[in-house]
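One structure coming up, written as structure tokens, with questions to follow.
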There are 2 protein chains.
Amino acid sequence: MLSKKQNILVAALQLFSAEDYHGVSTNKIAKAAGVSEGLIFKHFTNKEGLLQAIVDEGEQRIALMFSSLLKETHPQSILDMYISAPFEVQENEYDFWRLQFKLKWHDKYYNPKKLDNIKSKITYAFEELGYAFPKEEAEALIFLIESISIGILRDGKAKHNHQKAFLLKKYKQQNQDIHDNS
Amino acid sequence: MLSKKQNILVAALQLFSAEDYHGVSTNKIAKAAGVSEGLIFKHFTNKEGLLQAIVDEGEQRIALMFSSLLKETHPQSILDMYISAPFEVQENEYDFWRLQFKLKWHDKYYNPKKLDNIKSKITYAFEELGYAFPKEEAEALIFLIESISIGILRDGKAKHNHQKAFLLKKYKQQNQDIHDNS
DNA sequence: ATTTATAGTAAGTGATTACTCACTTATGTT
DNA sequence: AACATAAGTGAGTAATCACTTACTATAAAT
């Protein structure tokens with residue numbers, strides 16, 4: 001069983017991911033969490049403090065999620081793992097990711113440096129595989145996977161499975177010789 | 001000089017694109033537009049009617065924007081035009097596009113069929129150019145351009161110009177023979 | 001000239017908002 | 001046992017919310 005504090009965090013995450021920040025009242029959160037409204041302010045000072053707590057928890061969660069990718073050294077595996085990543089996400093984590101993508105529009109909560117180490121890892125993989133423009137390839141792939149992730153969150157995995165297969169094939173080692181098109 | 005009705009639409013678009021729907025009060029809109037709050041309800045019935053009016057206006061605007069692309073028949077030109085599209089957008093249209101992307105999270109205002117004719121146009125281009133998986137290539141390119149568009153809206157064009165050059169090169173006809181990697 | 005309709009305003013309305021405060025209950029600590 | 005501290009509640013609060021209403025000004029239509 002969860003603590004009441006955790007109940008608040010879970011309920012707030014669910015609501016914030018479904019509606020917008022100002023559309024979710026503290027009253028609604030309290031009812032969904034089964035606690036008194038005042039408790040929210042005891043634990044998180046104010047409504048924004050609650051959102052910040054959710055964001056902070058999220059940063060750790062993301063770091064954990066990509067830790068195995070960052071440990072990987074085999075270039076082809078790095079690409080395969082990264083392409084597959086959005087399809088490995090459990091459905092009960094969708095709320096969390098929906099909120100993450102929504103917050104990208106708020107300068108306050110968007111930290112572009114969060115992806116820097118992943119970006120350099122992907123760049124490294126493209127370098128090793130002999131691509132002519134590894135940095136650009138990495139950026140393009142990251143963008144592409146981001147869009148697919150959003151698509152999955154909206155329509156479900158099933159509708160995007162063929163794209164996974166397509167991309168895994170497209171970025172296979174065997175094609176390496178063709179990338180240096182100078 | 002704009003009519004007061006248009007003033008409301010302009011002010012609301014700007015505010016809705018910057019904050020979330022419930023975070024923008026009708027009072028704030030009225031002040032920004034320089035009209036009385038009541039006038040909003042005279043013209044648009046309620047707050048949602050105002051948003052709907054903005055969305056409706058937007059659909060036309062998008063149709064207009066892609067009309068030249070849909071008329072194009074030369075496959076390579078189709079790809080070039082589509083890749084360049086987000087870089088052709090004027091800065092004073094950024095608010096409009098920001099709102100469009102934000103609304104993608106609201107089932108109510110998101111219409112996936114809106115892009116169907118563009119998708120088939122891009123697919124056609126890839127077919128003509130001899131790509132092995134034209135449908136998948138089209139989907140991937142559309143996703144990629146969508147992500148880049150979001151990036152531009154957040155960081156400005158300058159930060160993404162090298163991606164434009166990279167993609168134009170990557171999708172050049174001369175590479176066609178390499179795509180059929182069966 | 002009088003009606004009709006539209007554009008526009010200012011001052012409201014009850015409901016809801018984020019947040020506070022006085023208070024009670026539970027959990028340790030010495 | 002006594003005491004401090006944290007967890008939790010429920011009834012407030014002023015401010016703000018979307019929206020309404022009664023009203024005036026303008027202008028075209030009969």
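Chain naming here is simple, since letters A, B, ... match the order of the sequence lines and numbering starts at 1 in each.
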Worksheet item: Heavy atoms, side chains only, cut-off 4.5 Å: are B:Gln60 and B:Asp56 in contact?
Response: no
Practice prompt. Indicate whether OP1 or OP2 belonging to D:dC17 is found under 4.0 Å from a side-chain N or O atom of B:Ser25.
Written response: yes
Practice prompt. Indicate yes or no: does B:Lys104 engage B:Glu146 in a salt bridge with an N to O separation below 4.0 Å.
Written response: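 The answer is yes: the pair qualifies as a salt bridge.
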Fill in: Side-chain touch A:Leu115/A:Lys119, heavy atoms, less than 4.5 angstrom
no
Fill in: Whole-Å gap separating C1' (C:dA10) and NZ (B:Lys31)
13 Å
Discussion item. What is the separation between atom NE2 on B:His22 and atom C1' on C:dA15, rounded to the nearest whole Å?
Written reply: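 Interatomic distance, NE2 of B:His22 to C1' of C:dA15: 14 Å.
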Worksheet entry | Short side-chain N/O contact to C:dA10 OP1/OP2 from B:Ser36, under 4.0 Å | no
Worksheet item: With a 6.0 Å cut-off on ring centres, are B:Phe126 and B:Phe133 close enough?
Response: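 No, they do not, as the ring centres are separated by 6.0 Å or more.
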Worksheet entry | Per A:Glu37 side chain, nearest of listed nucleotides C:dC19, D:dG8, D:dT20 |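 For A:Glu37, the side-chain atoms sit closest to C:dC19.
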Discussion item. Between the side chains of B:Arg154 and A:Asp107, is the shortest nitrogen-to-carboxylate-oxygen separation below 4.0 Å, so that they form an ion pair?
Written reply: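 B:Arg154 and A:Asp107: not salt-bridged.
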Worksheet item: Is there a side-chain polar atom (N or O) of B:Lys4 under 4.0 Å from OP1 or OP2 of C:dT9?
Response: yes
Discussion item. Can you give me the bend angle of the helix from C:dA1-D:dT30 to C:dT30-D:dA1? Use the axis through the first five pairs and the one through the last five, nearest 10 degrees.
Written reply: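 Angle reported: 10°, given to the nearest ten degrees.
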Worksheet item: In residues 43-54 of chain A, which residues come under 4.0 Å of DNA chain C by heavy atom?
Response: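 Hits under 4.0 Å, by residue number: A:Asn46, A:Lys47.
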Worksheet item: Quick one: is B:Lys5 getting a side-chain N or O under 4.0 Å of the C:dG8 phosphate, OP1 or OP2?
Response: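 So the side chain of B:Lys5 is outside the cut-off, no N or O lying under 4.0 Å from OP1 or OP2 of C:dG8.
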Worksheet item: Would A:Lys157 and A:Glu88 pass as an ion pair if we require N to O under 4.0 Å?
Response: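 Salt bridge: no.
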Worksheet item: Where each residue is assigned the nucleotide of DNA chain C containing its nearest heavy atom, which of B:Gly34 and A:Val24 is assigned the position nearer the 5′ end?
Response: B:Gly34
Worksheet item: How long is the line joining CD1 of A:Ile40 and P of C:dT20, in whole Å?
Response: 13 Å
Worksheet item: Taking NZ, NE, NH1 and NH2 as the nitrogens, is one of them in B:Glu137 or A:Lys170 under 4.0 Å from a carboxylate oxygen of the other?
Response: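 Yes, charged N to carboxylate O under 4.0 Å.
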Discussion item. Please determine whether a side-chain nitrogen of the Lys or Arg among B:Arg61 and B:Glu93 lies less than 4.0 Å from a carboxylate oxygen of the Asp or Glu.
Written reply: yes
Discussion item. When you compare the side chains of A:His22 and B:Glu19, does any donor N or O come within less than 3.5 Å of an acceptor on the partner?
Written reply: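 Checked: A:His22/B:Glu19 side chains show no N/O donor-acceptor pair below 3.5 Å.
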